2 protein chains.
Amino acid sequence: MNRKVPGPTLMRLATYLTYLAELDAKGVDTISSAQMEDRTGINAAIFRKDLSYFGEFGKPGIGYGVHELSAKIAAILKVDREQGVLLVGAGNLGSAIVAYPGLRSRNFHIAAVFDNNYNKIGRKLWDLEILDIANVKEVNKQLGARIAILAIPASAAQEVAEMLVEADVRAILNFAPVTLRLSKHIAVRNADSVQELAVLSYHLSDQDA
Amino acid sequence: MNRKVPGPTLMRLATYLTYLAELDAKGVDTISSAQMEDRTGINAAIFRKDLSYFGEFGKPGIGYGVHELSAKIAAILKVDREQGVLLVGAGNLGSAIVAYPGLRSRNFHIAAVFDNNYNKIGRKLWDLEILDIANVKEVNKQLGARIAILAIPASAAQEVAEMLVEADVRAILNFAPVTLRLSKHIAVRNADSVQELAVLSYHLSDQDA
DNA sequence: TAGATTGTTAATCGATTAACAATC
DNA sequence: TAGATTGTTAATCGATTAACAATC
């Protein structure tokens with residue numbers, strides 16, 4: 001278990017897992033790195049290199065056992081067990097996140113929803129009661145979630161992120177368009193879709209735009 | 001206008017713009033690369049290097065004019081003009097996207113919403129009528145949108161993406177957990193948040209997970 | 001002029017990829 | 001054994017960063 005796994009490798013590992021789980025469900029037994037390239041669009045050499053950071057999972061001349069490799073990658077990413085997730089922000093995005101079946105199917109489980117709006121606190125978001133963000137530390141003593149999703153406006157994101165860290169959250173998926181400044185030990189990933197759209201916009205040719 | 005701008009540079013450009021627009025609104029006149037680093041967390045040398053792909057925007061000893069630089073970056077990313085966007089998928093995520101004010105404020109404008117579900121077609125998503133995805137080519141002849149957002153299940157994504165390309169869309173933001181296989185001339189960015197959560201999950205220490 | 005900060009160079013660091021010996 | 005495919009090496013490619021001459 002090498003310590004220095006490249007960031008892009010981790011993202012690709014998650015992609016491999018998506019496809020392997022699908023193949024496994026279909027009953028496919030074995031797959032080669034070249035066949036994976038056909039499906040994922042990721043170069044076969046990169047696929048093999050990515051796996052090599054974690055061990056040897058294939059058989060020369062044969063390929064990889066789909067079920068076995070799927071299980072191995074799930075274990076590497078720690079998605080082989082259920083992960084509790086705190087959701088902050090009971091707005092439209094928060095609502096879509098709670099309703100999204102893709103979370104459950106990949107072992108992520110929204111353990112609680114928080115907001116700071118007193119018109120929302122106490123009401124329900126789907127089947128979850130909306131809790132006061134002021135109580136997050138207290139609540140998470142019971143829940144023990146280590147991952148949180150920030151689905152709130154940029155103006156509140158830094159403050160709430162600090163509260164989450166206080167509540168023992170170690171990893172944050174941030175949908176707000178702001179750079180969180182937190183301890184280096186906290187893993188943060190940004191998911192600002194407007195930023196993604198801006199990059200796409202750049203790629204339009206001038207006659208298009 | 002160099003042809004070979006690194007991908008990470010484009011993402012950072014969008015980040016700079018977020019902060020510069022904010023500073024500009026606050027009436028800040030001038031900012032140095034070191035001050036930008038304080039705000040964005042992005043190294044000052046990288047900031048200057050990123051800009052250097054597009055020209056010289058600063059004054060030695062002084063820094064950068066906030067308003068001017070903001071306008072320049074907006075022009076580079078082509079977000080200085082309104083960009084029409086087709087949204088496919090009138091589910092919970094689609095609903096959150098239409099309602100998100102951050103799109104409008106950055107000049108992205110949802111021009112039409114499509115779905116393939118006959119229970120939804122003809123109904124409204126907020127103030128937009130849900131149109132039949134089968135008509136996307138026809139409809140976009142009028143609208144002329146070049147960007148689309150895919151907020152549909154993975155099983156339909158490839159097929160719909162091909163329809164979008166037929167309808168002259170050149171850039172796709174894909175929320176479905178699937179790798180789209182399209183012509184190299186089509187820009188695609190993936191925004192699979194479950195994949196992001198998996199990467200965060202990896203970073204949890206074993207005692208946490 | 002003195003102080004500050006740019007734009008760019010060059011060194012470093014890291015990731016991708018082709019090629020191939022090892023092995024099933 | 002012959003054919004296929006792995007895991008790894010080494011070459012290439014690309015991005016980050018420190019350092020500094022140029023310049024306001």
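The figures that follow rest on heavy atoms only: side chains count, while hydrogens, waters and symmetry mates do not. Quick note on labels: first sequence line is chain A, next is B, and so on, each numbered from 1. Keep in mind that this is a model prediction, so the values were computed, not measured.
Pairing partner, D:dG14: C:dC13, with both Watson-Crick or wobble hydrogen-bond distances short of 3.5 Å. Across all strands shown, D:dC20 forms a Watson-Crick or G-U wobble pair with C:dG7, both key distances being under 3.5 Å.
If A:Pro60 and B:Asn43 are placed on DNA chain D by their nearest nucleotide, the residue sitting closer to the 5' end is A:Pro60. Two residues, B:Lys59 and A:Lys49, neighbour DNA chain C, and the one matched to the more 5' nucleotide by heavy-atom proximity is B:Lys59.
Checked for salt-bridge contact, B:Glu56 and B:Arg48 miss the test: no charged N lies under 4.0 Å from a carboxylate O. Contact check on A:Glu162 versus A:Arg181 returns no salt bridge, with no Lys/Arg side-chain nitrogen under 4.0 Å from an Asp/Glu carboxylate oxygen.
Remark: A:Lys59 is not positioned above the aromatic ring of A:Tyr64, lacking an NZ or CZ atom under 6.0 angstrom from the ring centre and at most 45 degrees off the axis.
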Verify side chain to side chain donor-acceptor pair (under 3.5 Å) between A:Arg189 and B:Ser193, making sure each step is shown before the conclusion.
-> CA-CA 10 Å; A:Arg189 294 192 69 91; B:Ser193 31; over 6 Å; no
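A:Ser33 comes within contact range of the sugar-phosphate backbone alone, with a heavy-atom separation under 4.0 Å but no base atom that close. Across all strands shown, A:Phe47 has no heavy atoms under 4.0 Å from either base or sugar-phosphate atoms.
Under the 4.5 Å side-chain criterion, counting only non-hydrogen atoms from C-beta, A:Thr9 is not in contact with A:Lys49. Residues A:Tyr16 and A:Leu69 are not in side-chain contact: their nearest non-hydrogen atoms beyond the backbone lie 4.5 Å or more apart.
Contacts between chain A and DNA chain C, taken as any atom within less than 4.0 angstrom of a protein heavy atom, begin and end at C:dA15 to C:dC24.
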